[in-house]
Chemist: 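Once you've had a glance at the structure underneath, I'll fire off some questions.
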Amino acid sequence: MSLYGSYADVLSVSNAVRDDLLALFDPETGFAPRMRQVCRDQLQIIDDTWETHELDAELLRMEERTWGLLQAVMPARKTNPTDLPNPRALLAQNPYTPTSTLAQAIMGHSPLLTELVVVREWLQETAPSPLGPEATTGYWRFTKLGVMQALRSGGPARDALVSRMDPDVCAREKSAGLAVDDANYEKNLAMALYACVRAGRIDDAVEMCRKANQPWKAASIRGARLFQWPAISTEEIDHEENDDDLDLSSGNRQRKLWKSTCIRAALSTNLPEYERVLYAALAPSQQTVAVLKTACRTWEDYLWAQVCVLCEERESGEMDRLGGGFWEGGMEGDTDGEEESEWVARVAETLEALKDVAVVEGLGSEHAFHYSQLHIILDKTEMMIENFADALRSGSLPVSSREHAPLCRFFAHLCLYFQMIDIPVPPLATQVILESYLQVLEKNAFLTDRTQAAGQRELIALYAGALGDNAVERYAMFLVSLELSADMSERRLALMRARDHGLDMDRVAVATAERTIEKAFEARAQFLCWMYTDFFSSQALPPLRGSLPSIIALQPPPTRPELLLVRSIEWTTFHESTFPTALEQANAHVAVEASGRVTLARQLLDMLPPELAAIGEPEEMATEYLHYRQFFVIWETLDKVVESQALEVARMNRDTRLAWLDDYRGLIDRAHERITKLLESEWLVTDVETPGGNRRRRELIRVRQIYVPELIIRLHSLLVGSRHHIKENLSRALHLVNTVADSRYKLYEDFVNEDGRRLDDYLGAVRQAVLAGLETGGSDPFRVLSL
């Protein structure tokens with residue numbers, strides 16, 4: 001399955017539970033976790049195949065992280081938080097409350113602090129995995145050899161080595177240092193420890209120190225842990241835990257003192273830079289943030305540094321306001337601390353500054369994914385969506401860019417996700433984004449093979465359904481874009497998908513027909529445009545004038561615009577509820593094509609479902625449709641007569657000639673019967689009283705002027721031409737004159753003053769028939785009528 005198909009599957013599954021927030025926020029099967037897993041699966045495929053551009057992989061990685069951020073922060077914003085006791089009440093109830101319990105209560109009463117802690121955990125989760133230094137066989141092994149040699153010789157150490165193995169000796173003996181290999185190891189170890197802290201893996205950092213034979217450094221790092229002692233805490237106890245575990249305490253009882261020591265170490269110029277960075281990461285603060293930023297290389301590093309400082313300072317500040325409790329000195333609280341509203345404003349200002357930070361590695365701060373992550377954290381999602389939609393409108397994110405499709409895909413699903421969880425999204429911007437994503441899907445539908453294209457078309461119906469009021473029109477535009485590339489079964493299936501995704505299939509079919517006609521008219525001759533313009537918009541029509549077209553000349557094959565016009569009716573023939581619309585369109589279209597494109601009009605009628613003939617209302621329209629079908633049955637019969645004539649050859653045996661003559665006679669009889677019935681039935685004669693009725697009447701009169709004289713003259717010619725095989729046909733030809741002259745039918749009014757359709761032409765043919773009646777002898781020209 002394609003990546004786009006996987007996204008659509010997640011959307012379909014989530015749409016089924018869109019009213020269940022718990023299901024949408026489920027950490028395993030919710031919307032954002034599923035999207036994140038889709039990205040991970042695709043990244044795994046990329047890693048296995050190495051067939052994707054590096055930027056595409058990086059964009060997918062950024063999207064995966066952003067879905068992780070959404071899953072981290074959105075549930076807390078949209079669900080009711082768990083009630084936690086007030087930290088002051090905790091201390092009043094139990095002065096020995098551990099600092100970890102107090103910190104949890106402080107965080108529970110500050111929604112922003114809770115979110116920042118979650119963001120910090122997300123940044124730690126997405127951080128690169130730390131790599132430990134190479135294994136060592138001892139503590140400062142090469143330096144130790146130099147120190148031992150100096151002690152044995154009683155002289156100074158060589159190569160400016162330190163004189164002791166004290167961990168702090170480098171700070172005391174500023175002019176001396178470690179052996180090169182040991183110095184490199186210390187640097188690599190400190191960088192690995194920083195990477196562990198950056199990834200939130202404190203226990204791994206402690207274990208790494210123990211393996212490096214530096215337990216004192218492990219103890220320093222463990223000082224970051226808050227003090228906890230379940231046995232004296234007022235928190236609910238998990239009864240499944242061992243009672244011995246409840247009596248054990250852990251964490252740093254003197255964390256405030258430890259923190260001030262870390263800050264002093266981070267600010268000390270006597271320590272190497274990498275050591276200072278490590279201590280700045282362990283105890284982030286406004287004092288050490290400059291040191292911490294020297295290790296930041298990516299935008300995520302800068303965000304993590306700022307978030308850590310904000311979280312640590314807020315927790316420390318609130319702890320100071322509480323007095324810290326017994327374990328932090330038991331002093332009176334500071335009532336002059338920063339209020340929550342002031343702190344919220346300062347957090348926003350601090351994070352806003354990350355928009356312009358310069359990075360060494362990775363995508364810049366101005367990139368759309370970083371911009372999105374920052375605005376998700378700041379809870380400014382409406383502005384984020386508006387700005388991306390503006391980028392699409394202005395062309396600052398061109399369609400040709402490699403980032404266009406991935407970003408449109410992400411923002412389209414982000415908007416739909418926000419709609420599911422009732423987060424406000426700007427409607428116009430959302431439509432712009434969904435429209436752009438639909439264009440991406442349409443492009444892929446025409447670039448992929450036939451099987452994949454069918455899958456892409458199904459996705460288009462799904463996403464078009466999300467456009468709200470514009471959904472019908474947008475999906476209709478997609479169906480129009482199929483033009484002549486898809487066969488009938490594919491077009492039928494594409495229309496049926498509209499219903500599957502909540503769209504009104506009938507409205508889609510009618511809208512598709514209208515838009516197809518408009519597209520065809522862009523390339524169609526102007527004289528055809530007037531019929532459909534009136535049909536759909538009731539605009540003024542040009543006058544009906546000009547010479548009648550020839551219907552006996554060789555007709556060229558249908559043009560693309562003409563085929564599109566036929567296709568426009570086809571969209572309304574797939575479901576019986578749109579058959580009335582199909583009937584109305586068919587009448588209008590046949591009237592146009594019959595005015596010179598009789599073959600195309602015939603193909604159109606053959607394409608229409610037989611059920612249209614059973615429609616009885618409106619009566620005028622139903623009658624007109626039956627009249628067209630009556631005419632083309634006659635036209636087909638005349639073609640068969642001509643084919644039968646061509647089968648006669650000079651040398652035919654008696655049986656063959658009799659069989660041919662019987663078939664020939666039957667065809668002429670049917671043609672005579674059907675044409676006579678049409679001529680006597682007021683074919684296409686109607687009294688229209690609706691607006692525009694006079695024009696419609698003139699349209700039908702024009703069709704009569706083309707075909708009534710043609711049928712009369714052709715029938716006359718067939719009857720006279722077959723008189724040598726069927727003698728009574730000459731009498732039939734002369735009796736036809738009475739029908740033409742009958743004032744009840746007024747057929748003579750359909751003859752116009754044009755070549756081939758003058759009444760004089762027909763009368764001349766009648767004169768020749770009378771003369772033909774004298775071929776058998778005699779002087780009575782009317783004798784042939786009695787034969």
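Given the structure is predicted, the values throughout are model-derived calculations rather than measurements.
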Chemist: Could you give the distance from OG (Ser316) to CZ (Arg314), rounded to the nearest 0.5 Å?
Modeler: 11.0 Å
Chemist: Mind checking ring pair (Phe, Tyr, Trp, His ring centres under 6.0 Å) for Trp67 and listing every partner two or more places apart, or none if nothing turns up?
Modeler: Phe31, Phe410
Chemist: side-chain hydrogen bond (donor to acceptor under 3.5 Å, both in side chains) with Arg201: which residues, sequence neighbours excluded?
Modeler: Asp204
Chemist: Should we count OH of Tyr96 as having more than 12 external heavy atoms under 6.0 Å?
Modeler: no
Chemist: With a 3.5 Å cut-off and no angle check, do the side chains of Glu313 and Ser285 form a donor-acceptor pair?
Modeler: no
Chemist: Is the number of heavy atoms from other residues, nucleotides or ligands under 6.0 Å of Met420 CE greater than 12?
Modeler: yes
Chemist: To the nearest 0.5 Å, tell me how far Leu70 CG sits from Ile376 CD1.
Modeler: 4.0 Å
Chemist: Do the ring planes of Trp229 and Phe227 sit parallel (below 30°), tilted (30 to 60°) or perpendicular (above 60°)?
Modeler: perpendicular
Chemist: Working note: Ile263 + Leu267, criterion side chain to side chain contact (heavy atoms under 4.5 Å, CB included); need CA distance, chi angles, decisive distance, verdict.
Modeler: CA-CA 6 Å; Ile263 292 174; Leu267 297 177; 3.9 Å; yes
Chemist: Using the side-chain hydrogen bond (donor to acceptor under 3.5 Å, both in side chains) criterion, which residues pair with Asp379? Sequence neighbours excluded.
Modeler: Arg77
Chemist: So which pairs with a foot in residues 189-199 pass salt bridge (charged side-chain N to carboxylate O under 4.0 Å, His left out), sequence neighbours left out?
Modeler: Arg198-Asp301
Chemist: May I ask you to decide if Val432's main-chain N or O and Ser436's side chain share a donor-acceptor pair within less than 3.5 Å?
Modeler: yes
Chemist: Only counting residues at least two apart or in another chain, list the ones meeting side-chain hydrogen bond (donor to acceptor under 3.5 Å, both in side chains) with Thr430.
Modeler: none
Chemist: Taking all non-hydrogen atoms of both residues, which atom of Ala199 and which atom of Pro128 are closest, and how far apart?
Modeler: CB-O, 4.3 Å
Chemist: Would Lys217 and Glu275 count as a salt bridge (charged side-chain N to carboxylate O under 4.0 Å, His left out) if you check the C-alpha gap in whole Å, the side-chain angles of each, and the deciding distance to 0.1 Å?
Modeler: CA-CA 11 Å; Lys217 190 169 289 186; Glu275 290 281 353; 3.1 Å; yes
Chemist: Between Arg276 (side chain only) and Ala266 (backbone N and O only), is there a donor and an acceptor less than 3.5 Å apart?
Modeler: yes
Chemist: Is the side chain of Ser396 donor-acceptor paired with the backbone N or O of Leu392 at a distance under 3.5 Å, no angle test?
Modeler: no
Chemist: Supply the atom-to-atom distance Ile221 CD1 to Leu278 CG, rounded to the nearest 0.5 angstrom.
Modeler: 5.5 Å
Chemist: Would you check, one step at a time, whether the test side chain to side chain contact (heavy atoms under 4.5 Å, CB included) holds for Asp41 with Ser6?
Modeler: CA-CA 10 Å; Asp41 294 342; Ser6 299; over 6 Å; no
Chemist: Minimum heavy-atom separation for Cys415 and Ile433, please, with both atom names.
Modeler: SG-CD1, 3.9 Å
Chemist: Name each donor-acceptor pair under 3.5 Å that joins a side chain in residues 381-391 to protein atoms two or more places apart or in another chain, with its distance.
Modeler:
unit_1	atom_1	unit_2	atom_2	d
Asn387	ND2	Tyr371	OH	2.2
Asn387	ND2	Met383	O	3.3
Asp390	OD1	Arg393	NH1	2.6

Chemist: Using a 3.5 Å distance criterion without hydrogens, assess whether the side chain of Thr29 forms a donor-acceptor pair with backbone atoms of Asp26.
Modeler: no
Chemist: Has Ser372 got a side-chain atom pairing as donor or acceptor with Ala368's backbone, closer than 3.5 angstrom?
Modeler: yes
Chemist: Name all residues meeting the side chain to side chain contact (heavy atoms under 4.5 Å, CB included) criterion together with Arg61; count only those two or more places apart in sequence or in a different chain, and write none if there are none.
Modeler: Leu43, Ala57, Glu58, Arg65
Chemist: Mark yes when over 12 heavy atoms from residues, nucleotides or ligands other than Glu349 sit less than 6.0 Å from its CD; otherwise mark no.
Modeler: no
Chemist: Determine the minimum heavy-atom distance between Val307 and Leu351, stating which atoms define it.
Modeler: CG2-CD2, 4.4 Å
Chemist: Mind checking side chain to side chain contact (heavy atoms under 4.5 Å, CB included) for Arg409 and listing every partner two or more places apart, or none if nothing turns up?
Modeler: Leu3, Tyr4, Tyr7, Leu60, Glu63, Pro406, His413, Tyr437
Chemist: Test your reading of the model: is there a side-chain donor-acceptor pair from Asn188 to the backbone of Asn184, 3.5 Å cut-off?
Modeler: yes
Chemist: Would you say NZ of Lys211 has more than 12 non-hydrogen atoms from neighbouring residues, nucleotides or ligands within 6.0 angstrom?
Modeler: no
Chemist: If you count heavy atoms of other groups shown closer than 6.0 angstrom to CZ of Arg222, is the number above 12?
Modeler: no
Chemist: For the pair Asp422 and Lys78, find out whether any cationic side-chain nitrogen is under 4.0 Å from an anionic carboxylate oxygen.
Modeler: no
Chemist: Please determine if Asp182 and Lys144 form a salt bridge, counting it only when a charged side-chain N lies under 4.0 Å from a carboxylate O.
Modeler: no
Chemist: Could you list the residues that satisfy side-chain hydrogen bond (donor to acceptor under 3.5 Å, both in side chains) with Thr79, not counting sequence neighbours?
Modeler: none
Chemist: Sub-3.5 Å donor-acceptor pair from the side chain of Thr114 to the main-chain atoms of Met107, do we have one?
Modeler: yes
Chemist: Got a sec, which pairs hit ring pair (Phe, Tyr, Trp, His ring centres under 6.0 Å) with one end in residues 252-298, sequence neighbours left out?
Modeler: none
Chemist: Test: side-chain hydrogen bond (donor to acceptor under 3.5 Å, both in side chains). Region: residues 119-128. Which pairs qualify, not counting sequence neighbours?
Modeler: Arg36-Glu125
Chemist: Can we say Glu342 and Arg346 salt-bridge, meaning some charged N sits less than 4.0 Å from an Asp/Glu carboxylate O?
Modeler: no
Chemist: Side chains of Glu300 and His370: donor-acceptor distance under 3.5 Å anywhere?
Modeler: yes
Chemist: Would Leu55 and Leu59 satisfy side chain to side chain contact (heavy atoms under 4.5 Å, CB included), going step by step from the backbone distance to the final call?
Modeler: CA-CA 6 Å; Leu55 178 59; Leu59 290 172; 4.1 Å; yes
Chemist: Has the side chain of Ser110 got a donor or acceptor atom that lies under 3.5 Å from a matching backbone atom of Ile106?
Modeler: no
Chemist: For residues Ala412 and Leu434, report the shortest heavy-atom separation together with the two atoms involved.
Modeler: CB-CD2, 3.8 Å
Chemist: In Å, rounded to the nearest 0.5 Å, how long is the span from CG of Asp56 to CZ of Arg402?
Modeler: 4.0 Å
Chemist: Of all heavy-atom pairs between Tyr139 and Pro167, which one has the smallest distance, and what is that distance?
Modeler: OH-CA, 3.5 Å
Chemist: Please determine whether side chain to side chain contact (heavy atoms under 4.5 Å, CB included) holds for the pair Leu189 and Gln214, giving the CA-CA distance in whole Å, both sets of side-chain angles, and the decisive distance to 0.1 Å.
Modeler: CA-CA 11 Å; Leu189 176 62; Gln214 299 186 21; 3.7 Å; yes
Chemist: In chain order, what residues pass the salt bridge (charged side-chain N to carboxylate O under 4.0 Å, His left out) check against Lys259, with sequence neighbours excluded?
Modeler: Glu312
Chemist: With the threshold set at 4.0 Å, does a side-chain nitrogen-carboxylate oxygen contact exist between Lys380 and Glu352?
Modeler: yes
Chemist: Heavy atoms only: give me the nearest Gln228-Pro98 pair and the separation to one decimal.
Modeler: CA-CB, 3.9 Å
Chemist: Going by atom types alone, do Thr66 and Gln373 pair a side-chain donor with an acceptor below 3.5 Å?
Modeler: yes
Chemist: Determine, step by step, whether Gln42 and Gln37 satisfy the side chain to side chain donor-acceptor pair (under 3.5 Å) criterion, reporting the C-alpha distance in whole Å, the side-chain angles of both residues, the deciding distance to 0.1 Å, and the verdict.
Modeler: CA-CA 9 Å; Gln42 188 66 22; Gln37 188 59 48; over 6 Å; no
